[in-house]
Amino acid sequence: MHATGFAALSATAPLERFAFERRAPRPDDVVIDILYCGVCHTDLHMARNHGGFTTYPIVPGHEIIGRVRQVGAAVTRFKAGDVVGVGCMVDSCQHCQPCLKGWEQDCLEGATFSYGSTDRQDGSPTYGGYADAIVVRDRFVLSVPDGLDPAGAAPLLCAGITTWSPLRRWHVGKGSRVAVVGLGGLGHMALKLTKALGADVTLFTRSAGKEDDAFRLGADHVVLSSEPEQMKAVAGRFDLIVDTVPYDHDINPYMPTLAIEGVLVLVGYMGPLSHPVNAGAAVRGRRAISGSFIGGMRETQEMLDFCAAHRIVADIETIPIQNINEAYERMLKSDVKYRFVIDMASLTA
Ligand code: NAP
Ligand code: ZN
Ligand code: ZN
């Protein structure tokens, strides 16, 4: 199937228009015309090979909202015209323990990601959502409930589920005290979701000037992480800290702000931390450092349904795809409120 999108051809090249082939649809495939695609910081990490494993060309994009064009003969959950979502994964083995538990993201054979992976059956490269259309196995397609604005819903497919999953895993609800580190795409979803779950939520930010937005997005408190006095004032406070910072950073200042048995869960940065972690802060108080990776398909649908019931979508700035390189530069400067979403109509404009 012919497709058109935007790709990076090397780690240093700006993204540019790119024509490519997608696989011919199989009986359990859904062909989706893409309406909107969110711009995740992971797209930038991957386009620029921050992890050292990107293969080129790469078509990023894993916050996809589209309309079903056609379905294969074995597909029963979707029909032409449905508004659907696709997130970070498009396949997994379906038989390992994590897959059977609904944790396809942790598939022991390795999940197939929306871009930068290879198809499990024919080995062809997967290309993401900065494109006019995508072909996805039906089990990895999500229903977008009526009432969710399709552009605002796009970031739920990655930023939403990535912050929702740890909130559920650690049973956040009324009476919980949660902190979120970093107010970007993931961070602003974490504030909204935590608030909607009934918890008290604090934002840690290094950027003075984000306070008003943070309160509007649901924060009960804002702490400037560069101010030692403000950090001291929240010592021992949090049951859960969701750390969304995308680059190597010192987590030591956050550890004493955890309550006894509190957990700091890393969802942003995935590489080695260069600041040695002071074990004392974990040992005394039985505090833990953990991590969390997107979320499973069942959990993602649960999150979309929760967002529809609570009228939650992302705060977005819609861009034409031609502005993607400028959007990356702005994202690096934290100059985004709070997610860029590509209007895919711009691809043919
Ligand atoms: P984003 O929109 O760029 O937001 C990141 C925020 O972190 C910024 O707004 C900023 O907030 C803070 N920040 C940025 N650079 C920093 C630095 N050098 N030091 C300290 N704080 C910094 O990014 P995003 O799309 O939310 O993604 C965040 C990270 O999550 C990325 O690394 C992405 O790859 C990762 N991710 C992981 C998963 C997963 O499954 N675990 C899923 C999706 C994304 P303040 O200005 O408020 O400090
Ligand atoms: Zn993402
Ligand atoms: Zn599996």
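Counting convention: from 1, in listed order, for ligands and their atoms alike. Heavy atoms only: backbone and side chains are in, while hydrogens, waters and symmetry mates are out.
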- Salt bridge present between Lys333 and Glu326 (N-O < 4.0 angstrom):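 Glu326 and Lys333: not salt-bridged.
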- Is Arg77 salt-bridged to Asp82, going by a charged N under 4.0 Å from an acidic O?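 No salt bridge links Arg77 with Asp82.
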Only heavy atoms of [X], strictly under 4.0 Å: list the atoms of ligand 1 that pass.
X: Cys158; value: 42 (C), 43 (C)
X: Gly185; value: 1 (P), 2 (O), 4 (O), 26 (O)
X: Ser334; value: 8 (C), 9 (O), 10 (C), 46 (O)
X: Cys40; value: 43 (C), 44 (C)

- Taking the side chain as every heavy atom from C-beta outward, state whether Phe340 and Ile316 have any pair of such atoms under 4.5 Å apart. no
- Message: Tell me the nearest of Glu63, Lys210, His249, Arg206 to atom 16 (C) of ligand 1, using heavy-atom distances.
- Response: Arg206
- Quick one: which of Ser165, Pro246, Gly182 has a heavy atom closest to atom 5 (C) of ligand 1? Pro246
For [atom], closest protein heavy-atom neighbour:
atom: atom 11 (O) of ligand 1; result: Leu183 N, 3.1 Å
atom: atom 46 (O) of ligand 1; result: Ser207 OG, 2.5 Å
atom: atom 34 (O) of ligand 1; result: Thr42 OG1, 2.6 Å
atom: atom 6 (C) of ligand 1; result: Gly184 N, 4.0 Å
atom: atom 26 (O) of ligand 1; result: Leu186 N, 2.8 Å

- Task: Keeping waters out of it, list the protein N, O or S atoms under 2.8 Å from the Zn ion (ligand 3).
- Result: Cys93 SG, Cys96 SG, Cys99 SG, Cys107 SG
- Message: My understanding is that only residues two or more places apart in sequence, or in another chain, count here; which of them pass side-chain hydrogen bond (donor to acceptor under 3.5 Å, both in side chains) with Arg69?
- Response: Asp33
Ring-plane angle category for [X] and [Y], please: parallel below 30°, perpendicular beyond 60°, tilted otherwise.
X: His41; Y: His45; answer: tilted
X: Tyr130; Y: Tyr328; answer: tilted
X: Phe113; Y: Phe293; answer: perpendicular

Of the backbone atoms (N, CA, C, O) and the side-chain heavy atoms from C-beta on, which set of [X] has a member under 4.0 Å from an atom of ligand 1: side chain, backbone, both, or neither?
X: Ile294; result: both
X: Arg339; result: side chain
X: Ser292; result: backbone

- Task: Give a yes or no answer on whether the side chain of Ser124 reaches the backbone of Asp119 with a donor-acceptor pair at less than 3.5 Å.
- Result: no
- Query: Do the side chain of Arg17 and the main chain of Leu347 share a donor and acceptor less than 3.5 angstrom apart?
  - Reply: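 Flag set: sc Arg17 to bb Leu347 pair under 3.5 Å.
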- Item | Shared-cluster residues of Val135, by chain and number - hydrophobic side chains joined below 4.5 Å |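 For the cluster that includes Val135, the remaining residues are Met1, Val31.
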- Around the Zn ion (ligand 2), number of protein N/O/S atoms which are nearer than 2.8 Å: 3
